[in-house]
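Working notes, beginning with the structure itself.
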Amino acid sequence: MANKTTNKNQRLTQARVRIVIMAAILICINVLASYFHSGLDLTREKRFTLSPATVKLLRNMPEVAVVDVYLQGKFPAELQRLQEAVRERLRSFKDIAGNKIIFHFTDPLEGKSESEQKQIAHDLDEKGMRLMELKDPDEEGYSMKVFLPYALLHYNGKEAAIMLLENPPAKTEAEKISYAEAALEYKFASAINQLSRSAKPRIAYIVGNNEAEGIKTIDMLYNTLPNYYHLDTVDLAHSLSISSAYEAALIIEPTIPFTPPQKLKIDQYIMRGGRVIWNVNSLKASLDSLINSPQFIAMEYGLNLDDILFKYGVRINNDLIEDMQNVPLPRTSNGGSPELFPWIYFPKLNPISDNPIVKNMDFVMSGFSNSIDTLKDPGIKKTILLESSKYSRTASSPVRVSLGMMNYPLKNEMFNKPYRPVAVLLEGKFHSVYQNLLAPSYLRLLDSLKQPFKPVCERDNKMIVISAGEIFSNGYTAKDGVLPIGYYEYTGEFFANKNFLLNCLEYLTDSSGILEARAKEVKLRLLDTGRAKDEKTTWQIVNVGIPIAMVLVFASCYFFFRKRRYEIKLNTTKS
């Protein structure tokens with residue numbers, strides 16, 4: 001009897017020891033997991049794998065980056081998903097950078113009085129962070145709740161606001177969250193990369209041919225580009241050349257013909273490695289022409305750029321794109337209030353390439369636009385960045401533009417020239433349009449000025465040619481003042497024009513490759529609702545019945561082998 005009691009006590013002691021050991025192991029695993037974060041990315045699009053450029057950036061961080069994430073609080077399921085995605089992305093950054101990445105989530109408005117909240121909101125707005133509202137379900141139905149989908153990065157003695165959730169048009173809530181998840185790596189890595197620079201890249205805004213200036217360029221030239229670049233104005237008429245110190249040059253909507261010396265300055269800037277964004281319209285077309293008349297004739301500017309662009313691999317056609325996918329124009333009829341009518345001359349342009357400049361980008365709004373033809377040149381790679389829709393066509397110069405077109409219904413089958421290119425990226429070794437054309441005396445003059453003529457690019461180069469009208473212009477109202485680039489005041493929509501401008505410049509000026517992270521995509525794999533409804537009972541049985549059956553089988557096996565073992569042990573004892 002004493003032996004049985006002793007054996008029973010030993011078994012109990014052993015059981016308790018096993019439980020303690022298992023508990024200690026679980027605690028150790030959880031503690032280690034909190035310090036070491038790793039995983040295996042089995043997704044097809046590698047959504048959890050950082051790009052090589054991002055990894056290189058994080059491994060070479062000289063200072064500590066502190067990230068304050070303001071997306072904190074109780075949110076609907078979709079926002080909770082984004083909140084967790086931000087946490088996971090920052091953890092993956094920390095896995096590479098170690099203690100050089102510090103982040104925490106906080107709600108800056110929590111526990112503050114109404115007056116304090118207003119002051120905090122004002123301070124955050126000055127940093128580029130604006131409060132947003134969402135419907136918050138409660139016992140009485142719905143109430144509006146403010147939240148802040150931003151993060152504030154502190155690095156290298158500077159700080160940058162990072163917008164975590166944008167509001168692209170024509171997307172469902174699930175698509176917006178997936179879009180935001182896909183952009184997290186690029187947004188955080190790009191912000192770190194920008195703040196790590198000791199000096200901003202220098203870019204030139206070319207003038208001298210009546211380029212876009214004045215109130216329509218305030219957001220571009222004063223509110224946007226100076227945040228990322230050191231921007232100078234270069235007058236071709238009064239400059240000997242375009243300095244190679246400028247990493248890129250902008251030529252935006254010129255209206256006066258270029259002279260041969262001006263073209264030579266641009267050509268040689270490109271041959272020496274300078275990158276150019278050409279935003280050129282071949283026809284004179286503007287809404288201002290409809291102020292005093294219901295129609296006008298769009299005629300050619302005659303900019304004298306055909307030969308130089310042809311040499312680089314493209315041709316801007318003398319036509320206007322007409323597109324059924326467009327932004328509407330307000331018009332007053334019969335003395336009533338203004339109504340919105342489709343305006344086929346203002347196309348919504350499709351970003352169709354997998355190039356990181358436009359991958360995952362929304363529509364780009366355009367004014368009067370021309371089509372672009374790409375020319376066969378094996379040494380130049382052409383990538384179409386923006387194009388018209390499936391239901392588009394072109395009208396060759398001279399084009400009569402009339403408000404009367406709004407009075408007639410248009411059918412899709414009338415638009416039979418789909419997908420007309422409007423923005424093209426050119427990459428390769430460009431050849432000078434003036435090769436073998438300059439007199440020997442002029443070549444000697446250039447040598448004496450220490451500006452020797454370059455017949456071909458010293459290395460592979462890039463440029464972007466755009467034929468979309470007013471794509472980088474901002475609106476203006478007496479009530480709201482200067483409007484952001486890409487905001488259409490008549491519908492209240494935001495388009496991706498500003499992102500397109502910044503992405504183009506980043507692609508041309510930044511050699512780090514961080515922009516490649518923009519090409520990452522998080523695909524929505526939604527349930528087939530029809531099939532889910534038809535197979536509802538089957539999957540209920542599978543999800544509920546099979547686990548229960550497995551537990552019963554396991555329990556039966558356990559008791560069978562336990563009984564078997566003790567029977568064998570009992571027989572051995574009796575023997």
Side-chain angles (χ1 to χ4, degrees), residues 197-211 229-252 254 256-280 303-316 374-382 424-466 504-512:
R197 295 171 177 167
S198 58
K200 297 177 181 179
R202 297 183 66 189
I203 62 175
Y205 189 78
I206 304 299
V207 298
N209 296 82
N210 198 30
E211 283 79 6
Y229 301 95
H230 181 88
L231 180 65
D232 290 332
T233 299
V234 175
D235 191 336
L236 289 180
H238 300 92
S239 301
L240 182 63
S241 64
I242 304 174
S243 172
S244 297
Y246 296 115
E247 297 188 32
L250 295 168
I251 302 175
I252 308 296
I256 296 177
F258 286 75
T259 64
Q262 289 176 323
K263 289 160 59 178
L264 178 62
K265 294 172 187 178
I266 299 172
D267 178 85
Q268 289 301 288
Y269 170 71
I270 293 171
M271 295 306 115
R272 290 185 172 87
R275 281 82 187 272
V276 176
I277 294 179
W278 304 80
N279 181 199
V280 177
L303 296 176
N304 195 27
L305 291 175
D306 292 348
D307 56 346
I308 191 170
L309 292 177
F310 189 92
K311 189 68 175 181
Y312 300 151
V314 295
R315 176 176 56 232
I316 298 178
T374 56
L375 308 174
K376 188 175 181 180
D377 185 344
I380 304 298
K381 177 185 176 184
K382 294 101 177 173
V424 180
L425 167 67
L426 304 174
E427 297 174 285
K429 281 194 173 183
F430 301 106
H431 289 260
S432 171
V433 70
Y434 293 101
Q435 188 175 7
N436 301 322
L437 294 180
L438 298 180
S441 59
Y442 192 77
L443 293 175
R444 289 193 295 271
L445 174 63
L446 292 175
D447 290 338
S448 67
L449 296 173
K450 296 183 179 181
Q451 298 285 335
F453 176 75
K454 299 287 184 181
V456 65
C457 279
E458 297 174 346
R459 58 185 182 277
D460 283 352
N461 205 347
K462 310 172 186 176
M463 69 174 68
I464 297 173
V465 180
I466 306 165
C504 286
L505 281 170
E506 184 174 352
Y507 189 83
L508 296 181
T509 62
D510 188 6
S511 60
S512 69

Original post:
If you round to the nearest 0.5 Å, how far is CG of L505 from CD1 of I203?
Top reply: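 So the gap between those two atoms works out to 5.0 Å.
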Original post:
For F310, does the CZ atom have more than 12 heavy-atom neighbours from other residues, nucleotides or ligands under 6.0 Å away?
Top reply: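 Counting neighbours around CZ of F310, 12 or fewer heavy atoms of other residues, nucleotides or ligands fall under 6.0 Å, so no.
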Would you say that [X] contacts [Y] through its side chain, given a criterion of any heavy-atom pair below 4.5 Å between the two side chains?
X: Q451; Y: K265; result: no
X: L309; Y: R315; result: no
X: L305; Y: W278; result: yes
X: Y442; Y: L264; result: yes
X: L303; Y: N209; result: no
X: R272; Y: I242; result: no

Subject >> Distance-only polar pair, side chains of D307 and Y434, donor-acceptor under 3.5 Å >> reply: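 D307 vs Y434: no donor-acceptor pair found between side chains.
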**OP:** Look at the aromatic rings of F430 and Y312 and report parallel, tilted or perpendicular, splitting at 30° and 60°.
**Re:**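 The rings of F430 and Y312 stand perpendicular, inter-plane angle above 60°.
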Original post:
Can we say D460 and K381 salt-bridge, meaning some charged N sits less than 4.0 Å from an Asp/Glu carboxylate O?
Top reply: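 Answer for the salt bridge query: no.
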**OP:** Tell me, with the steps shown, if Q268 and S432 meet side chain to side chain contact (heavy atoms under 4.5 Å, CB included).
**Re:** CA-CA 8 Å; Q268 289 301 288; S432 171; 3.9 Å; yes
**OP:** For I206 and Q262, run side chain to side chain contact (heavy atoms under 4.5 Å, CB included): C-alpha distance rounded to whole Å, both residues' side-chain angles, the deciding distance at 0.1 Å, then the answer.
**Re:** CA-CA 11 Å; I206 304 299; Q262 289 176 323; over 6 Å; no
**OP:** Check step by step if side chain to side chain contact (heavy atoms under 4.5 Å, CB included) holds for D232 and H230.
**Re:** CA-CA 7 Å; D232 290 332; H230 181 88; 3.4 Å; yes
Original post:
Do R202's NZ or CZ and the ring of Y246 fall within the cation-pi criteria of under 6.0 Å and 45°?
Top reply: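 Yes, R202 lies over the aromatic ring of Y246.
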